[in-house]
Amino acid sequence: MLLATWNVNSIMARLPRLLEWLDATRPDVLCLQETKVADGAFPTAEVAALGYEVAANGSGRWNGVAILSRLGLEAVTAGFAGEPGFPEVEARAVSATCGRVRVWSIYVPNGRELEHPHYAYKLAWLAALRDALRSELGAGHQLAVCGDFNIAPSDEDVWDPAEFVGSTHVSVPERAALTELLDLGLTDVPPRALKGRPFSYWDYRAGMFHKGMGMRIDLVLLSRAPASRVTDAYIDREARKGTAPSDHAPVVVGFATES
DNA sequence: ATGCCCTTGTAACAAGGA
């Protein structure tokens, strides 16, 4: 299976770039975040023309996630049991079975600042996600949890750790929450960089991309069986170049599925 | 070259992103 995840920062604004990328890369499954579109307005026909079915969870202006699959979509679920809200539950998770693999597309809350209520929300959301994923693994699925985690797993995953002292995305509790997900039996698949370091996000401002000032916050977590069968993993930084890019680049992982 | 904020909703900004 060729599996990818991409925070597109509005699927409508990104549609030409998205269709071009899908046609060139042809992943079996693509997880999307920050689609910023209500389900009824999702460009279903445009992606169907390339052979993809859609499982979307979106409410409009903010957030929004989706899974595009050309291996079918079964047992589609929006959100998860016990998912916290801010204060209402937001469109941050969708899951579906694609072929033999249970796939999740998630958009973890940003957190904003360490003292902000959004930070507590982020940690609560991650704890509830852990419990939901524990149930999925208990059901014996091959599992892929993909998305924008808004956590840099280590200091190697930001361009300059000194710039992040006192900030979200690198704090001990956030990294501990990610470690709890990995402790369920998931592997953060290490991507190779096509150039520079394997970052997946660069701020639009101040030429950050061109200066190599990025972060790796978009992750693909695989359960043990698919993680042992990874054939390649990379970040497609070409998608961050050119006209009207997202501020995130796609992460692409190939692995052999169990027979 | 890779090139120096962007997106949506609502009405000139507000809010969020990380």
Side-chain angles (χ1 to χ4, degrees), chain A residues 5-18 20-21 32-43 56 58-66 85-88 90-92 106-123 125-126 147-155 157-175 177-178 193-219 234-251:
Chain A
T5 185
W6 193 7
N7 178 325
V8 288
N9 185 20
S10 169
I11 193 171
M12 300 313 292
R14 216 64 56 215
L15 196 54
R17 294 291 301 255
L18 172 66
E20 172 190 47
W21 187 86
L32 298 170
Q33 300 85 37
E34 287 206 83
T35 53
K36 297 185 175 178
V37 69
D39 292 343
F42 198 98
S59 57
R61 184 177 189 180
W62 303 117
N63 314 305
V65 289
F86 192 72
E88 306 302 321
E90 301 176 309
R92 294 184 176 275
I106 64 166
Y107 177 48
V108 176
N110 174 289
R112 301 184 189 169
E113 298 170 2
L114 297 181
E115 307 304 321
H116 197 285
H118 210 262
Y119 180 78
Y121 167 49
K122 182 179 194 174
L123 296 179
W125 197 91
L126 286 163
D148 180 352
F149 284 72
N150 271 318
I151 301 169
S154 80
D155 281 353
D157 297 309
V158 297
W159 80 89
D160 181 4
E163 293 282 336
F164 287 85
V165 174
S167 299
T168 60
H169 294 65
V170 300
S171 72
V172 170
E174 289 167 278
R175 286 176 171 168
L178 177 60
L194 299 184
K195 180 185 175 185
R197 296 166 65 184
F199 296 142
S200 66
Y201 163 83
W202 301 260
D203 197 292
Y204 284 123
R205 289 167 285 193
M208 300 278 273
F209 176 65
H210 319 288
K211 297 172 184 170
M213 298 164 74
M215 308 170 72
R216 188 175 75 90
I217 55 177
D218 300 273
L219 311 178
Y234 66 94
I235 292 174
D236 190 356
R237 69 189 298 281
E238 295 298 316
R240 182 62 178 79
K241 301 178 183 177
T243 303
S246 171
D247 43 3
H248 295 250
V251 181

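Every chain is numbered from 1 and lettered A, B, ... according to where its sequence line falls, protein lines coming before strand lines. Note that the structure is a prediction, hence the values are computed from the model and not measured.
- Within 4.0 Å (heavy atoms only), A:K195 reaches at least one base atom of the nucleic acid.
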Report, as a single string ordered 5' to 3', how protein heavy atoms within less than 4.0 Å touch nucleotides 8-18 of chain B: B base, S sugar-phosphate only, - not at all.
-> BB----BBSBB
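- When the P atom of B:dA1 is taken as reference, atom NE2 of A:H210 falls 14 Å away, rounded to whole Å.
- Shown here are the side chain to side chain contact (heavy atoms under 4.5 Å, CB included) partners of A:A13, two or more places apart in sequence or in another chain: A:S10.
- Annotation: ring-ring contact (aromatic ring centres under 6.0 Å, His included) contacts of A:H118 (sequence neighbours excluded): A:F86, A:Y121.
- At a non-hydrogen distance threshold of 4.0 Å, A:K241, A:G242 from residues 235-244 of chain A come into contact with DNA chain B.
- If you take CZ of A:R17 and P of B:dT7, they are 12 Å apart, rounded to a whole angstrom.
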Only distances under 3.5 Å count here; give the side-chain donor-acceptor pairs of residues 157-165 of chain A to other protein atoms, sequence neighbours excluded, each with its distance to 0.1 Å.
| from | atom 1 | to | atom 2 | distance (Å) |
| --- | --- | --- | --- | --- |
| A:D157 | OD1 | A:R216 | NE | 2.8 |
| A:D157 | OD2 | A:S154 | N | 2.9 |
| A:D157 | OD2 | A:S154 | OG | 3.2 |
| A:D160 | OD1 | A:A162 | N | 3.1 |

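- For the pair A:L194 CG and B:dT2 C1', the interatomic distance rounds to 13 Å; values are reported in whole Å.
- Applying the ring-ring contact (aromatic ring centres under 6.0 Å, His included) test to A:F199 and every residue at least two apart in sequence or in another chain returns nothing.
- With both ends at atom P, the span from B:dG16 to B:dT10 equals 15 Å, rounded to whole Å.
- For B:dT8 and B:dC4, the C1' atoms lie 23 Å apart once the distance is rounded to whole Å.
- Neither OP1 nor OP2 of B:dC6 sits under 4.0 Å from any side-chain N or O of A:R14.
- Between the side chains of A:E90 and A:S59, not a single donor N or O lies within less than 3.5 Å of an accepting N or O.
- The side-chain hydrogen bond (donor to acceptor under 3.5 Å, both in side chains) test applied to A:T168 returns no partner, not counting sequence neighbours.
- Every residue two or more places apart in sequence or in another chain that forms a ring-ring contact (aromatic ring centres under 6.0 Å, His included) with A:Y201 is listed here: A:H248.
- Rounded to the nearest Å, the gap between the P atom of B:dA18 and that of B:dC6 is 16 Å.
- A side chain to side chain contact (heavy atoms under 4.5 Å, CB included) with A:T5 is found for exactly one of A:L32, A:L219, A:I106, A:V251, namely A:V251.
- Applying the side chain to side chain contact (heavy atoms under 4.5 Å, CB included) criterion to A:P43, with sequence neighbours excluded, gives A:I11, A:M12, A:L15, A:E46.
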